[in-house]
Structure formats: C-alpha cells, structure tokens
Amino acid sequence: SLDMDYPLPLLAAESGSFAYNTMKDRVPRILTKCIDTITQKPFEVSDQNVEEGRLDCQSVIGQLSQLRSEIMTDKSLTLLDDEIDDCEVWNARFEQNRSVHQSHPTWFSSPWLYVECFMYRKIQSVLSKSNHMKKFDPFLDQKNLALLQSLPAMRNLAAFLDQVLKIDLGDAKILGLRLQDFLQVSLWGNRCDLSLSGGEESSQTTDPHKNLTTLSEFLLVDCSKKVFDYLYIINQDKKTDKVVDIILDNSGFELFTDLILAEFLLASKLATKIRFHPKRFPWFVSDVTPQDFLDTIDILGKDSSQVLGDFALRWKERLQDETFTLITDENLTSFWTLPDPFYLMKNVSPSLLQLLETSKLLIFKGDLNYRKLVSDLKWLHETSFVKALRGFTSTPLCSLRTLKAEVVVGLPTGVAESIAKCDADWMVTGKYAVIQSNI
Ligand SMILES: O=P(O)(O)OC[C@@]1(O)O[C@H](CO)[C@@H](O)[C@@H]1O
Ligand SMILES: [Mn+2]
C-alpha cells in the first residue's frame, strides 16, 4: 500500500521511548488513581441503595484493575462489547490492526496512539456497563483542583485582556501583536495546568506579557504572524460571518486561556463566532468535557474578583446569543475520541469535516491533537507540516502545541539536533512548543 512511503507509527514496544514509559508507568498510574477515586466514592453513587452502589463500584474497580494488569503484562487487546455508538468503529480498527500486523494486537505492539486512546475508551466501556456510574467522571476531582489552583493566574490574565480591550485596536500593527500574544498565551496554557509563570506561584502583579517574552526562547516555530495576516485580510470583507473553531484540549487553566483567546477574537472583531469542540466523555485525564466547560464558567462567575465575574457573565451571554457555541451533537463530537488521525476525517466523519469547512480558521490545541494532525508517525523533523497533514488541508488551520510526545515536524534543519545535545528530553516535557499552520 501507499503507507509504505510513510514513516512508521510511534510504538510503545520500543523500550526507552516515551511511548514505552507511558504505557509501562504513566498509564497504569492513571488507572490506579482512577481506581482510588472510585474506592473513595461508593456511597455517593446511589443514595437510595447503599449496598447496590457498593457492588456497582466493586465491579467497576475489578474491571479497571483487570485492565491495568492486562496492559502491564502486554496482553492482547479485546473487542468492545458496549452500547456506545462508536463501538463498531473501534472494533473495525481492531480488525484493521490485526490484518496490518498479521497478529493479535497487544498493548505494546500496536501503534501507541491507538492503544493510548483505546485505554480511555475502555474506561468508558466499563463505566457504561455499570448501573450507576454511566456518567461518572473519574478525573473530575483532579480537574477541579487544578482549576481552583490556577484562579490567581486566571485573574491576572483576565486583567491583562481587560487592559488590552481598553486601548484602541484600530491600528493593524497593534492588533496583530496582541493577537500573537493571545495565541501564545493559549499555546503556553497547554504546557501544564499551571500558570504562565511556569508553575511558580503567580501573584497579582505578574505580567503575562513579560512571561511570553521569557517563553519565546522555547517557541521553535511561530506562525502566529501569518495567522494574523490571514485573519486581517479576510476581515476586510465586513459582511460575511467569520467563524473560528477551537478544538479544545485540557480543562482548567488551558481552557481559560482558550476562552480569553476567543474573547479577544470576538472583541477585536477578527471573528464573529467561536465554536468550541470538547470531548464527549472524560479523556486523557484533563481534557475538557461539555460539563467541564459549563462548570468552569460557573466557577469563574462565583470568584471573588470583579474581573473574572465580568468575563463569566459575558461568556454566559455569548453562549446565549451563540457567539460562543459549544458543540455537543454526537455526530460532531464522536470523531475526537477515536484513535484516527485527522486526514481520515473525510471518510470517518464527513459531517464533522463539512462543519469544519465552514470555518475561517481551525485552532487545534495541545499535544494529542498535534499527534493526530501528523498521524503520530516518526517523521523526520524537517518534514514540512503540510506534508505531514496528509491532505487534511481543506480549511486554514493552526496548531498550538507544547511538545509532550516524540513527534515534531516543520523544524528548520539542525534545530532538533542542537536542542537534543543539551536537552535530551526536549520532545516530551512540554518545555518547547510550536505554532504551526497550513496557511
Ligand atoms: O494533549 P495534551 O493534553 O497536550 O497531552 C496529552 C499527553 O499528556 O498525553 C500523551 C501521552 O500520554 C502525550 O501526547 C501528552 O503528553
Ligand atoms: Mn489533553
């Protein structure tokens, strides 16, 4: 097949690789934490019948423990047997993998992107077959804690946007620089669920702009100027709608930075409508679900600070008047929790692609979305970003991604080698980042 012309996928089978460490240590640890969370919950599950709730939890815990041990001992993957509507698609992927590798897919021998997604899908499978935990979010406590811890950083950032919106943005140069700022703020929001100050306690006086300057040294590719030039040119036509889609990644501080970027795009009239794409169920621990999205705005609204309260109120109005739209339709969300790279969207979810093609700009947040943009293949670092998209280019897009997995394309010759010399882990710590685009 044509796939012969492409590099191989990242594989957990390669001992010492980040994929290997993830499947060997990180994923089992995530499952352990999940099990602990459920262990502490049994009586919340069913108010009516405590005993029934306890048995339900026990069964879920048993199945998750089994999943963890199957991963740790590299057992074969199994077909799904639940009622979630993407079950057949997943089982078809299983068969495809079997026929490509001509053996039973196991946790370490199958493509890493596929197995890692499958793990989160398996958790959903287990929960969906429970009696009382079908909607249970095993990561909610972690997400909420991260959100509360980043409130001070959020107050800063909100104050920064508030200031920016008070100045005159009529000058194209100023407008462009500010858009670049907010694209970069949203980018670094992906580094971790901490503040832009890189994890340090951020005080009310921290200047987000100063932080961006410090971080710029780690931004390996920055297409943000190109993105602005493009948006500015289409902005000359005042009549048409200018929809921008944000394909969300993590909840907490990152989601807040995305909301801030969205607010800037609307307030500056670079866009007329923002569509947000969350995950339909709990995913990769910290990813935004529709519930997280709405809860976050509620929590901001209850903050003691005026500035967060004001933005929360505005964002509730935006959800009402649909200048913000949260995409929750099953037809339009189910693709994001499949293991498929985005170039396959045209076959797997034509309705989603059709919607995205009505957009002026797609903003893909984070590492996992990046891996899916470039198919999680071991590309040479000098491969062009557009080539790695494999035809997923029908709409202008940009990726805001800090590097947390061993794949990155579009780097100038020699850059990867020179960073690797002093920073062996450079691809997986979130320290470095790229803003890449097909524009
Ligand atoms: O997509 P995100 O939230 O930026 O990162 C997801 C992540 O934590 O999960 C994968 C490994 O488990 C990596 O791609 C990455 O480190
Ligand atoms: Mn994520």
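As the structure is a prediction and not an experimental result, all values here were calculated from the model. We number each residue from 1, following the sequence as shown. Counting convention: from 1, in listed order, for ligands and their atoms alike.
- Within the structure, every pair that satisfies the ring-ring contact (aromatic ring centres under 6.0 Å, His included) test and touches residues 397-439, not counting sequence neighbours, is listed here: Phe218-Tyr432, His381-Trp426.
- The pair Asp295-Lys143 does not count as a salt bridge, with every side-chain nitrogen at least 4.0 angstrom from each carboxylate oxygen.
- Comment: Glu317 does not engage Arg314 in a salt bridge, judged by the lack of any side-chain N to carboxylate O separation of less than 4.0 angstrom.
- A heavy-atom distance below 4.5 Å is found between the side chains of Arg93 and Asp340.
- A salt bridge (charged side-chain N to carboxylate O under 4.0 Å, His left out) with Lys365 is found for exactly one of Asp258, Asp249, Asp245, namely Asp258.
- For a distance threshold of 2.8 Å, the protein N, O or S atoms nearer than that to the Mn ion (ligand 2), listed by chain and number, are Asp249 OD1, Asn250 OD1, Asp287 OD1.
- By the salt bridge (charged side-chain N to carboxylate O under 4.0 Å, His left out) test, Lys134 pairs with no residue at all, sequence neighbours left out.
- Side-chain polar atoms of Asp292 and Thr289 form a donor-acceptor pair below 3.5 angstrom.
- Between Tyr6 and Trp379, the ring centre distance stays below 6.0 Å.
- In summary, of the residues considered (Arg401, Lys372, Lys404), a salt bridge (charged side-chain N to carboxylate O under 4.0 Å, His left out) with Asp367 occurs for Arg401 alone.
- Sorted by chain then number, the residues whose non-hydrogen atoms approach ligand 1 to under 4.0 Å are Thr22, Arg26, Trp112, Glu116, Asn190, Asp249, Asn250, Phe284, Gly366, Asp367, Leu368, Arg371, Lys404, Ala405.
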